[in-house]
Amino acid sequence: ETVMDQHGPHLRGAAVLNKYPEIIFEEGKFDYNADLTLFTRAGYTASSSTIENALYPPWKVFNGNSNTGSGSGSDSWVSKTDAFTNGTSNSNYGFDFGSGQVNGPWLRLDIPHKLKMDHVDVYRRDGGGYDQYPKSGYIYGYDGSTWHLLKTFTNITQPSVLNATTIPIDSNIPVSSIVMLITERYDGTTTTNQFVIIKQLEFYGTGVDSVPIQIGGGNIDKVANFRV
């Protein structure tokens, strides 16, 4: 059998900025839970606090369709309609990052290795009579033992439909789970349909983990600087 040499120095090239997830979630190609708030494919898990109904599950923000859709906006994630009060998140939904619940609906992505976050692109849906784009909130990352606040975003720009606002992060903390929690949304004066809508969510960062690679069978304890 043939194995790659694991001894001696290994040269590491410049860090490459990647989009996560590195796969797309496609209809019928994932496992999911009964209430349609958690979907798993190829080592990635997309989940959310809630969904408005079965048309708007969290996997749709990771399906790669940032520039397609119809006026109905069904190719989006929509939180439950009681997630906000006059545009501000209430205690109906939230996430405990270690110090008690932080109020607000959320989206989460778990990835099969760690990365250092650079930025997030948040796409706006294409109309349909509703325009509940995120306005303020938090982005947290989990390093395997602790949740870290990576970014507080406030009054981000609402882009034109089917376009994105970029939220810079530039973190040096390697994380394997990312949560975006929304505390305020646009169109806050609407008293009905108190949900938030996201068309597409793209996380960008640099991978920091290595994966063992072998050729011809056998076991290797570790091989540096390769990812598959």
Side-chain angles (χ1 to χ4, degrees), residues 25 32-39 45-63 65-66 69 71-110 120-142 147 149-159 161-165 167 169 177-203:
F25 280 77
Y32 54 92
N33 65 354
D35 59 3
L36 304 180
T37 58
L38 185 147
F39 297 79
T45 298
S47 57
S48 64
S49 50
T50 59
I51 57 172
E52 174 61 9
N53 58 52
L55 286 176
Y56 309 109
W59 68 266
K60 288 192 174 182
V61 303
F62 301 119
N63 68 4
N65 293 337
S66 59
S72 68
S74 60
D75 201 18
S76 307
W77 169 70
V78 182
S79 75
K80 203 69 175 174
T81 191
D82 60 348
F84 295 85
T85 303
N86 297 324
T88 300
S89 61
N90 54 44
S91 60
N92 288 340
Y93 310 100
F95 199 103
D96 188 349
F97 297 101
S99 301
Q101 176 172 299
V102 178
N103 293 340
W106 49 266
L107 283 165
R108 174 174 176 169
L109 179 67
D110 300 309
V120 179
D121 284 349
V122 186
Y123 283 81
R124 179 180 168 189
R125 70 173 274 176
D126 48 334
Y130 305 107
D131 199 16
Q132 291 81 4
Y133 186 79
K135 188 175 184 180
S136 302
Y138 306 103
I139 297 172
Y140 279 82
Y142 185 66
W147 285 99
L149 177 59
L150 304 181
K151 184 73 175 185
T152 299
F153 59 94
T154 305
N155 296 327
I156 62 173
T157 300
Q158 182 174 227
V161 297
L162 300 181
N163 285 283
T165 287
I167 302 174
I169 296 178
S177 299
I178 309 158
V179 167
M180 179 179 182
L181 184 145
I182 299 95
T183 59
E184 189 178 10
R185 54 157 225 185
Y186 280 94
D187 195 21
T189 58
T190 301
T191 57
T192 59
N193 300 314
Q194 290 284 323
F195 42 56
V196 67
I197 304 173
I198 295 177
K199 170 68 173 175
Q200 197 79 186
L201 199 57
E202 297 176 349
F203 297 113

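Atom set for the values below is all heavy atoms of this structure, side chains included, hydrogens, waters and symmetry mates excluded.
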(request) Decide yes or no for Thr88 and Asn86: does some side-chain heavy atom of the first lie under 4.5 Å from some side-chain heavy atom of the second? (result) no
(message) With heavy-atom distances below 4.5 Å as the criterion, would you say the side chains of Trp77 and Phe62 are in contact?
(response)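 No, every pair of side-chain atoms sits at 4.5 Å or beyond.
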Are side-chain N/O atoms of [X] and [Y] paired as donor and acceptor at under 3.5 Å?
X      : Y      : result
Ser89  : Asn103 : no
Gln200 : Asp75  : no
Ser177 : Asp110 : yes

So, [X] side chain and [Y] main chain: donor-acceptor pair closer than 3.5 Å or not?
X      : Y      : answer
Glu52  : Thr81  : yes
Asn92  : Asp82  : yes
Gln101 : Ser91  : yes
Ser136 : Asn155 : yes
Ser48  : Thr50  : yes
Trp106 : Gly94  : yes
Ser79  : Val196 : yes

Nearest non-hydrogen partners of [X] and [Y], listed with the distance:
X      : Y      : value
Arg124 : Gln158 : NH1-CG, 3.7 Å
Val120 : Leu201 : CG1-CD1, 3.7 Å
Leu55  : Lys60  : O-NZ, 2.8 Å
Ile198 : Val61  : O-CG1, 3.5 Å
Thr37  : Phe39  : N-CE1, 4.2 Å
Ser76  : Ile197 : CB-CG2, 3.9 Å

Could you state the interatomic distance from [atom1] ([X]) to [atom2] ([Y]), rounded to the nearest 0.5 Å?
X      : Y      : atom1 : atom2 : answer
Ser47  : Leu36  : OG    : CG    : 13.0 Å
Leu181 : Ser49  : CG    : OG    : 7.5 Å
Lys135 : Tyr186 : NZ    : OH    : 5.5 Å
Ile167 : Ile169 : CD1   : CD1   : 7.0 Å
Ile178 : Leu109 : CD1   : CG    : 5.5 Å
Lys151 : Ile139 : NZ    : CD1   : 8.0 Å

(message) Other residues, nucleotides and ligands only: do more than 12 of their heavy atoms fall within 6.0 Å of OH on Tyr32?
(response)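 Open: at most 12 neighbouring heavy atoms sit under 6.0 Å from OH of Tyr32.
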(message) Are there over 12 heavy-atom neighbours, none belonging to Tyr138, within less than 6.0 Å of that residue's OH?
(response)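 No, because the 6.0 Å sphere around OH of Tyr138 holds 12 heavy atoms or fewer from other groups.
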(message) Using the rule given for side-chain contact (heavy atoms from CB on, under 4.5 Å), can you reason through Phe84 versus Gln132, listing the C-alpha separation, both sets of side-chain angles and the distance that settles it, and then say yes or no?
(response) CA-CA 11 Å; Phe84 295 85; Gln132 291 81 4; over 6 Å; no
(request) Please report the C-alpha distance between Lys80 and Phe195 in whole Å, then the side-chain angles of each, then the deciding distance to 0.1 Å, and finally whether the side-chain contact (heavy atoms from CB on, under 4.5 Å) criterion is met. (result) CA-CA 6 Å; Lys80 203 69 175 174; Phe195 42 56; over 6 Å; no
(message) By the definition side chain to side chain contact (heavy atoms under 4.5 Å, CB included), identify the one residue from Glu184, Met180, Arg185 that meets it with Pro134.
(response)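 Single pass found, and it is Met180.
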(request) Decide yes or no on ring pair (Phe, Tyr, Trp, His ring centres under 6.0 Å) for Phe97 and Phe95, but give the supporting numbers first. (result) CA-CA 6 Å; Phe97 297 101; Phe95 199 103; 4.5 Å; yes
(message) Between Trp147 and Tyr142, is the ring pair (Phe, Tyr, Trp, His ring centres under 6.0 Å) condition met? List the steps.
(response) CA-CA 4 Å; Trp147 285 99; Tyr142 185 66; 5.0 Å; yes
